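One structure is given below, encoded as structure tokens.
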Amino acid sequence: MKNRELARIFSELADVLEYKGENPFKVGAYRRASRALADLSEDVAVLAREDRLREVPGIGEAIAKKIKEYLETGHMKRYEEALQGTPKGLLEMLAIPGLGPKTVAVINQHLGIETVAELEEAARAGKLEGLPGLGARKVENILHGITLRKQASQRVRLGDAIPAVEAIVAQLRAMGIERVVPAGSLRRMRETVGDLDILAAGEDSVRITKAFTSLPMVAEVLAAGETRASVRTHEGLQVDLRVVPPASFGAACQYFTGSKAHNIRLRDLAKRHNLKVNEYGVFRGEKMIAGADEESVYRALGLPLIPPTLREDRGEIEAALAGQLPRVVELEDIRGDLHVHTDWSDGRDSIEQMAAAAKAIGYQYLAISDHTRALKVFGGLDETGMEKLLRAVREADARVKGIRLLAGVEVDIHADGSLDLPDRILAKLDIVTASVHSAFKQPAEKMTARLLAAIRNPHVDVIGHLTGRLLGEREAYDFDLEAVLQEAARHHTALELNAHPLRLDITDVVCRRARDLGIMVAINTDAHNTEQLQLMRFGVATAQRGWLEAAHVLNTRPFRTLMAWLRGRRCR
DNA sequence: GCCGTTTTCGGCCCGACTGTTTTCAGTCG
């Protein structure tokens with residue numbers, strides 16, 4: 001899929017045109033198109049072939065033409081021309097925090113600087129100071145920004161960000177600041193987050209920002225005003241705090257949760273109603289008509305409360321206006337976990353311990369799904385081992401009250417598409433999840449054929465962590481996603497949404513496509529110990545971001561209808 | 001460059017902080 005590639009090109013085109021002083025709204029249009037492409041759940045090439053590009057909001061005649069040009073020729077004239085006559089390190093320079101297009105332009109015009117290395121040298125040599133708009137402090141900040149960039153402060157995984165923010169919130173509460181909540185992309189539960197945003201309400205904003213900037217985990221104060229402050233922690237995380245009066249807390253929650261694109265759309269909508277929305281409230285003229293809580297803000301604009309996980313400007317505002325907002329799946333809807341490991345392979349805890357922990361959560365069922373022999377290093381089971389495990393699960397199921405245990409497996413998909421256990425064994429199990437754990441670098445055609453073969457095996461109920469990506473560590477393997485999704489839809493094979501914050505695989509965007517194609521999704525933790533059963537929240541949030549409702553999620557079903565679905569699909 | 005319960009032309013979100021400014025531009029979110 002060229003979706004991301006095209007998204008990157010339009011984003012870069014926007015940066016370059018902004019640098020060249022092009023009409024800012026045109027620049028904005030390219031940025032919007034870039035985001036629309038990145039969020040697209042279908043293959044852009046398919047849309048182009050079927051002449052449906054213009055159906056995507058943000059893509060009009062001109063951009064559709066550019067997309068087609070790129071898909072057909074591998075080039076985009078506008079993009080390549082725009083790059084002419086710009087510094088070759090422009091994009092890297094623009095990525096330096098605090099350094100924007102205007103300043104880069106001034107520096108380039110006066111000193112002919114083209115790259116970050118030249119920029120750094122000139123700054124150290126004192127050549128920048130004295131240029132228009134550049135004083136000593138500004139130069140100092142640029143050098144600091146370059147250092148920060150070098151440290152390659154990557155986006156943080158949601159699973160790492162949430163504990164960090166919860167720790168800060170807890171400390172602020174301990175200091176007597178009661179109304180303080182996480183906001184930003186973290187509240188929207190994006191798979192990774194850049195900055196961590198925290199919002200507080202109180203009359204004494206100076207005291208609150210001071211408390212924040214003096215927390216022990218703060219390594220550096222990046223900015224501090226009366227109502228907002230930014231710090232960098234010792235772990236290298238940037239945390240932003242915003243303080244608002246209590247009467248504005250809801251409006252501020254809304255504003256500070258974003259996304260930026262969602263907020264822009266809301267304010268646009270407000271304007272049409274002769275209203276103004278900002279972080280302090282909704283205003284008609286001077287009069288504040290909403291803002292104490294989030295629901296009132298949306299209501300004032302004629303909308304129902306939109307869940308934070310949907311606020312990405314991916315059609316949620318249109319859906320809300322039409323009264324067709326999805327009733328997204330909630331953690332409480334989940335009735336069981338269909339992929340967990342035990343000490344029969346590489347898990348830490350026993351069948352009974354996992355069952356007890358699942359029961360304590362309130363689950364109706366749990367599928368024991370250990371590894372197979374190909375993963376010998378992880379204690380993968382061969383035929384004999386699996387037969388024994390099957391008996392052990394049946395015995396435990398009879399013994400343990402209050403929760404049903406399913407005999408499952410996470411069977412390996414070999415490089416040639418065959419499975420790691422014979423059908424004879426698979427047929428005896430309640431649920432079969434098939435996953436790729438080897439030969440990740442296969443060419444796309446082989447990997448596609450491999451996944452298609454697994455989907456076509458009538459014993460395979462679910463495909464585990466479909467793309468194999470590990471956030472920040474390993475790219476998804478190369479394969480024809482759309483072809484695989486189509487085949488899964490045809491064979492009524494479910495897809496796993498692996499809830500582990502390192503995976504979150506399938507992604508929110510793929511969830512949305514699965515929903516459109518009528519593919520059932522199983523949200524599983526892949527827990528290797530009892531604590532990891534709690535990771536379900538990350539999977540559910542990702543499912544929400546993919547607009548999944550309870551009916552789209554296999555493990556929201558009560559035990560009986562789950563079993564009926566499993567038996568039914570094998571009889572087809 | 002996109003888009004339409006003001007509009008096929010004329011709009012396009014809104015505010016805080018910083019540094020360099022004698023009244024504001026640049027950057028960020």
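Letters go in sequence order (proteins before strands), and every chain restarts at 1. FYI, side chains are in, hydrogens and waters are out, and symmetry mates aren't considered; it's all heavy atoms of this structure. From a predicted model like this one, the values you see are computed outputs, not experimental measurements.
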Answer yes or no: does a side-chain N or O of [X] lie under 4.0 Å from OP1 or OP2 of [N]?
{"X": "A/T103", "N": "B/dT27", "answer": "yes"}
{"X": "A/R267", "N": "B/dC14", "answer": "no"}
{"X": "A/Y280", "N": "B/dA16", "answer": "yes"}
{"X": "A/N278", "N": "B/dG15", "answer": "yes"}
{"X": "A/S185", "N": "B/dG29", "answer": "no"}

Starting from [atom2] on [N], measure out to [atom1] on [X] and report it in whole angstrom.
{"X": "A/L53", "N": "B/dC3", "atom1": "CG", "atom2": "P", "value": "12 Å"}
{"X": "A/L222", "N": "B/dC17", "atom1": "CG", "atom2": "C1'", "value": "12 Å"}
{"X": "A/I198", "N": "B/dG29", "atom1": "CD1", "atom2": "P", "value": "16 Å"}
{"X": "A/F256", "N": "B/dC28", "atom1": "CZ", "atom2": "P", "value": "16 Å"}
{"X": "A/N141", "N": "B/dT27", "atom1": "CG", "atom2": "P", "value": "12 Å"}
{"X": "A/L269", "N": "B/dT5", "atom1": "CG", "atom2": "P", "value": "11 Å"}
{"X": "A/L241", "N": "B/dC28", "atom1": "CG", "atom2": "C1'", "value": "16 Å"}
{"X": "A/D197", "N": "B/dC28", "atom1": "CG", "atom2": "P", "value": "15 Å"}

Sugar-phosphate only, base, or nothing, as touched by [X] at under 4.0 Å among non-hydrogen atoms:
{"X": "A/L266", "value": "nothing"}
{"X": "A/K260", "value": "base"}
{"X": "A/K138", "value": "sugar-phosphate"}
{"X": "A/P97", "value": "sugar-phosphate"}
{"X": "A/L13", "value": "nothing"}
{"X": "A/V277", "value": "sugar-phosphate"}
{"X": "A/A229", "value": "nothing"}
{"X": "A/A224", "value": "sugar-phosphate"}

I'd like the [atom1] distance from [M] over to [N], given in whole Å.
{"N": "B/dT27", "M": "B/dT20", "atom1": "C1'", "value": "14 Å"}
{"N": "B/dG29", "M": "B/dC13", "atom1": "C1'", "value": "12 Å"}
{"N": "B/dC9", "M": "B/dA16", "atom1": "P", "value": "38 Å"}
{"N": "B/dC17", "M": "B/dG10", "atom1": "C1'", "value": "32 Å"}
{"N": "B/dT23", "M": "B/dC28", "atom1": "P", "value": "25 Å"}
{"N": "B/dC12", "M": "B/dT6", "atom1": "P", "value": "14 Å"}
{"N": "B/dT8", "M": "B/dG1", "atom1": "C1'", "value": "14 Å"}

- Message: My understanding is that only one of A/R32, A/R267, A/R31 makes a salt bridge (charged side-chain N to carboxylate O under 4.0 Å, His left out) with A/D313; could you say which?
- Response: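 The single option meeting the salt bridge (charged side-chain N to carboxylate O under 4.0 Å, His left out) with A/D313 is A/R32.
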Looking only at atom types and distance, does a side-chain atom of [X] sit under 3.5 Å from a main-chain N or O of [Y], one as donor and one as acceptor?
{"X": "A/D505", "Y": "A/T467", "value": "yes"}
{"X": "A/E294", "Y": "A/Q254", "value": "yes"}
{"X": "A/D160", "Y": "A/P163", "value": "no"}
{"X": "A/T542", "Y": "A/F538", "value": "yes"}

- Message: Working to the nearest 0.5 angstrom, can you tell me the gap between A/D39 CG and A/R512 CZ?
- Response: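 Here the rounded value is 9.0 Å.
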- Query: Could you state the interatomic distance from CZ (A/F10) to CE (A/M76), rounded to the nearest 0.5 Å?
  - Reply: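 Rounded to the nearest 0.5 Å, the CZ-CE separation comes to 3.5 Å.
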From [options], nucleotide with atom closest to [X] side chain:
{"X": "A/R137", "options": "B/dG29, B/dG19, B/dG1", "result": "B/dG19"}
{"X": "A/R242", "options": "B/dG1, B/dA16, B/dT27", "result": "B/dA16"}
{"X": "A/E279", "options": "B/dG29, B/dG15, B/dG19", "result": "B/dG15"}

- Stepwise, does the side-chain contact (heavy atoms from CB on, under 4.5 Å) test hold for A/L241 with A/V243? CA-CA 7 Å; A/L241 173 81; A/V243 187; 3.8 Å; yes
- Task: Search all heavy atoms of A/R311 against all heavy atoms of A/G258 and return the closest pair with its distance.
- Result: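 Residues A/R311 and A/G258, closest heavy atoms: CB-O, 3.4 Å.
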- Message: Between A/R155 and A/T192, is there a side-chain donor-acceptor contact under 3.5 Å, judged purely by atom types and distance?
- Response: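 Short answer, yes.
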Sub-3.5 Å pairs of nitrogen or oxygen atoms, protein against nucleotides 7-12 of chain B:
unit_1: B/dC12; atom_1: OP1; unit_2: A/K271; atom_2: NZ; d: 2.6

- Would you call A/E12 and A/R8 a salt bridge, taking side-chain N to carboxylate O under 4.0 Å as the test?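 Yes.
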- Check ion pair A/R265-A/E316 (N to O, under 4.0 angstrom):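 No, A/R265 and A/E316 are not salt-bridged.
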- Item | B/dT8 - base-pair partner by Watson-Crick or wobble geometry, distances under 3.5 Å |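 In the structure as shown, B/dT8 has no Watson-Crick or wobble partner.
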- Query: Tell me, which of residues 57-65 of chain A have any heavy atom that sits under 4.0 Å from an atom in DNA chain B?
  - Reply: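 The stretch gives A/P57, A/G58, A/I59, A/G60, A/E61, A/A62, A/I63 as the residues lying under 4.0 Å from the strand, ordered by number.
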- If each of A/G98 and A/A136 is mapped to the nucleotide of DNA chain B with the nearest heavy atom, which maps nearer the 5' terminus, i.e. the 5' end?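 Looking at DNA chain B, the more 5' nearest nucleotide goes with A/A136.
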